[in-house]
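Data first, discussion second: the structure below is written as structure tokens.
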Amino acid sequence: MFRKHRDRHQQWIDFVFLSSITKLLLVLVTIWLMPLSSKVKSDTLVFLSDFESGFSEWGTELCCNYSAEIVNSPARAGNQAIKFTLKKEDARLYGVKRAELKLGEVPADSEIWYGFSVFLPSDYQQDPSSEIIAQWHDLPDKNLGETWKSPALSLSTKDGKFILNRKWDSKRVTVVPEGKEVVDLGLYQTGKWTDFVFHVKWSSGSDGRLEVWQDGKLVVRRNGPNNYNDARGPYLKIGIYKGDWKNQPDKSIVSERELYFDEVRVGDANARYEDIAPRD
């Protein structure tokens, strides 16, 4: 789907490595002009990946050939989806066991819509050790001496449930976040697709907003801070991140994780739920 425009997509993925000024220009000019598939009839979408033509528009954090694979079944829509596989014996990437795809950062304090669908197979065993399956990660202000932090927002599976984790901080340099919240989204269902839509006005202040829909139902609504006070906004990652396999390996009772994603959409502030929600 994006094959004709790979160079422009790669610019968006790689701008994390550019200077701050160049990043800002790319964010304000390039990211919002990203070309879309002809089947998309909305001017509010800035990114669409249905994996019908692979995943070259994404950045990757994958250790092995099997870490991320395009498959024909199951598929939420169309003919293909992406399968993530993480094994306990996999090599660490950046110090942790992970199999993830990532996009570039969004502007600080921006308002963004995100949608995707996730499929947990029928043999997806309940584990007291959590794994992050989607996260919105910060970029620390290293010029101020700041180091990497836990993501401001993440979606995990744990003990048979979907769990939402939130953190925020108004200080310019975060050591310990000022606030955090764990939201129990209820039992997950295996053997079926679960649709998620996130509407976020990123902010470390009182003007922040977060709304989350699960299978078309509004399950979270929060007003107020939802992010760190960083110069740059967060970036989206999907896949599997299992920190306990490094830090508390005995806590986990599984040795392999496998799940699927499809119908990933990102929209600007003018998007609506209908523009972003996964669809047949």
Side-chain angles (χ1 to χ4, degrees), residues 2 6 9-18 23 26-27 31 34 47-51 53-71 80-106 112 114 116-120 127 129-140 142 146-158 165 167 196 198 228 230 232-249 252 254-266:
F2 289 90
R6 284 179 180 172
H9 284 132
Q10 195 62 46
Q11 286 180 336
W12 188 50
I13 295 167
D14 290 342
F15 67 68
V16 68
F17 302 107
L18 303 178
K23 288 175 191 171
L26 282 172
V27 165
I31 185 173
M34 185 174 298
F47 183 81
L48 167 61
S49 182
D50 57 12
F51 304 105
S53 299
F55 53 92
S56 60
E57 66 271 23
W58 294 83
T60 61
E61 293 183 355
L62 309 168
C63 78
C64 312
N65 292 334
Y66 56 75
S67 299
E69 301 173 288
I70 298 299
V71 297
Q80 297 184 156
I82 190 165
K83 173 185 174 182
F84 292 98
T85 302
L86 186 66
K87 301 180 181 182
K88 199 169 187 177
E89 68 267 21
D90 283 350
R92 296 177 184 175
L93 286 175
Y94 306 107
V96 181
K97 311 279 186 173
R98 68 178 85 209
E100 296 179 292
L101 300 184
K102 60 183 179 180
L103 296 179
E105 72 213 54
V106 300
I112 311 290
Y114 307 87
F116 53 79
S117 194
V118 62
F119 183 98
L120 306 179
D127 192 5
S129 164
S130 67
E131 47 274 312
I132 295 176
I133 63 173
Q135 59 176 305
W136 290 260
H137 214 295
D138 67 287
L139 286 166
K142 293 186 176 181
E146 193 171 44
T147 58
W148 288 96
K149 310 177 287 289
S150 297
L153 182 63
S154 64
L155 176 66
S156 302
T157 60
K158 181 181 180 181
N165 280 278
K167 294 181 175 66
F196 285 98
F198 290 75
Y228 301 109
D230 294 327
R232 296 167 290 176
Y235 60 99
L236 172 64
K237 303 176 75 176
I238 63 171
I240 310 170
Y241 175 104
K242 199 161 179 67
D244 281 346
W245 278 351
K246 172 190 175 182
N247 301 317
Q248 304 180 76
S252 175
V254 302
S255 59
E256 183 173 332
R257 275 307 202 204
E258 176 185 295
L259 54 80
Y260 304 78
F261 269 82
D262 203 358
E263 293 291 290
V264 181
R265 290 176 170 83
V266 182

task: Evaluate the criterion side-chain contact (heavy atoms from CB on, under 4.5 Å) for residue pair Phe119 and Leu259; output intermediate values, then yes/no.
output: CA-CA 6 Å; Phe119 183 98; Leu259 54 80; over 6 Å; no

Taking all non-hydrogen atoms of both residues, which atom of [X] and which atom of [Y] are closest, and how far apart?
X: Leu103; Y: Tyr235; value: O-CB, 3.3 Å
X: Pro151; Y: Gln135; value: CG-OE1, 3.5 Å
X: Ala81; Y: Phe261; value: CB-O, 3.5 Å

Donor-acceptor contact below 3.5 Å, side chain [X] vs main chain [Y]:
X: His137; Y: Lys102; answer: no
X: Ser67; Y: Cys64; answer: yes
X: Thr60; Y: Leu62; answer: no

task: Please report the C-alpha distance between Ile133 and Tyr241 in whole Å, then the side-chain angles of each, then the deciding distance to 0.1 Å, and finally whether the side-chain contact (heavy atoms from CB on, under 4.5 Å) criterion is met.
output: CA-CA 7 Å; Ile133 63 173; Tyr241 175 104; over 6 Å; no

field: ring pair (Phe, Tyr, Trp, His ring centres under 6.0 Å) partners of Phe55, counting only residues at least two apart
entry: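 Counting only residues at least two positions away or on another chain, Phe55 forms no ring pair (Phe, Tyr, Trp, His ring centres under 6.0 Å).
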
query: What residues form a ring pair (Phe, Tyr, Trp, His ring centres under 6.0 Å) with Tyr114, not counting sequence neighbours?
result: Trp136

field: Greater than 12 external heavy atoms within 6.0 Å of Asn65's CG
entry: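 For Asn65, atom CG is not crowded (no more than 12 foreign heavy atoms under 6.0 Å).
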
With sequence neighbours left out, what residues match [X] under salt bridge (Lys or Arg N to Asp or Glu O under 4.0 Å)?
X: Asp262; result: none
X: Glu131; result: Lys242, Arg257
X: Lys237; result: Glu61, Glu100

task: Take Val118 and Glu263, measure what side-chain contact (heavy atoms from CB on, under 4.5 Å) needs, and give me the verdict at the end.
output: CA-CA 9 Å; Val118 62; Glu263 293 291 290; over 6 Å; no

Side-chain heavy atoms of [X] within contact of [Y], under 4.5 Å:
X: Trp245; Y: Leu86; answer: yes
X: Phe51; Y: Lys83; answer: no
X: Ile238; Y: Val264; answer: yes

query: Does the side-chain contact (heavy atoms from CB on, under 4.5 Å) test come out yes or no for Leu101 and Ile82, once each step is laid out?
result: CA-CA 10 Å; Leu101 300 184; Ile82 190 165; 3.5 Å; yes

Roughly how far, to the nearest 0.5 Å, is the [atom2] atom of [Y] from the [atom1] atom of [X]?
X: Phe84; Y: Tyr260; atom1: CZ; atom2: OH; answer: 12.0 Å
X: Asn165; Y: Ser150; atom1: CG; atom2: OG; answer: 9.0 Å
X: Leu236; Y: Glu105; atom1: CG; atom2: CD; answer: 13.0 Å
X: Ile132; Y: Leu155; atom1: CD1; atom2: CG; answer: 9.5 Å

Got a list of side-chain donor-acceptor pairs under 3.5 Å for residues 90-97, not counting sequence neighbours?
unit_1: Asp90; atom_1: OD1; unit_2: Tyr66; atom_2: OH; d: 2.4
unit_1: Asp90; atom_1: OD2; unit_2: Lys87; atom_2: N; d: 2.9
unit_1: Lys97; atom_1: NZ; unit_2: Lys88; atom_2: O; d: 2.9
unit_1: Lys97; atom_1: NZ; unit_2: Asp90; atom_2: O; d: 2.4

message: Going by side-chain contact (heavy atoms from CB on, under 4.5 Å), name the residues that satisfy it together with Asp244, two or more places apart in sequence or in a different chain.
response: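 Testing Asp244 for side-chain contact (heavy atoms from CB on, under 4.5 Å), a comparison that skips the adjacent residues, returns Ser129, Gln248, Lys251.
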
message: List the residues meeting side-chain contact (heavy atoms from CB on, under 4.5 Å) with Gln80, not counting sequence neighbours, and say none if there are none.
response: Glu52, Ile70, Asn72

Between Glu57 and Ser49, a side-chain donor and acceptor under 3.5 Å: yes

field: side chain to side chain donor-acceptor pair (under 3.5 Å) partners of Ser130, counting only residues at least two apart
entry: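 Scan of Ser130 (side chain to side chain donor-acceptor pair (under 3.5 Å), adjacent residues dropped) gives none.
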
- prompt: Out of Ile112, Asp138, Val106, which one pairs with Pro234 under the side chain to side chain contact (heavy atoms under 4.5 Å, CB included) rule?
  reply: Val106

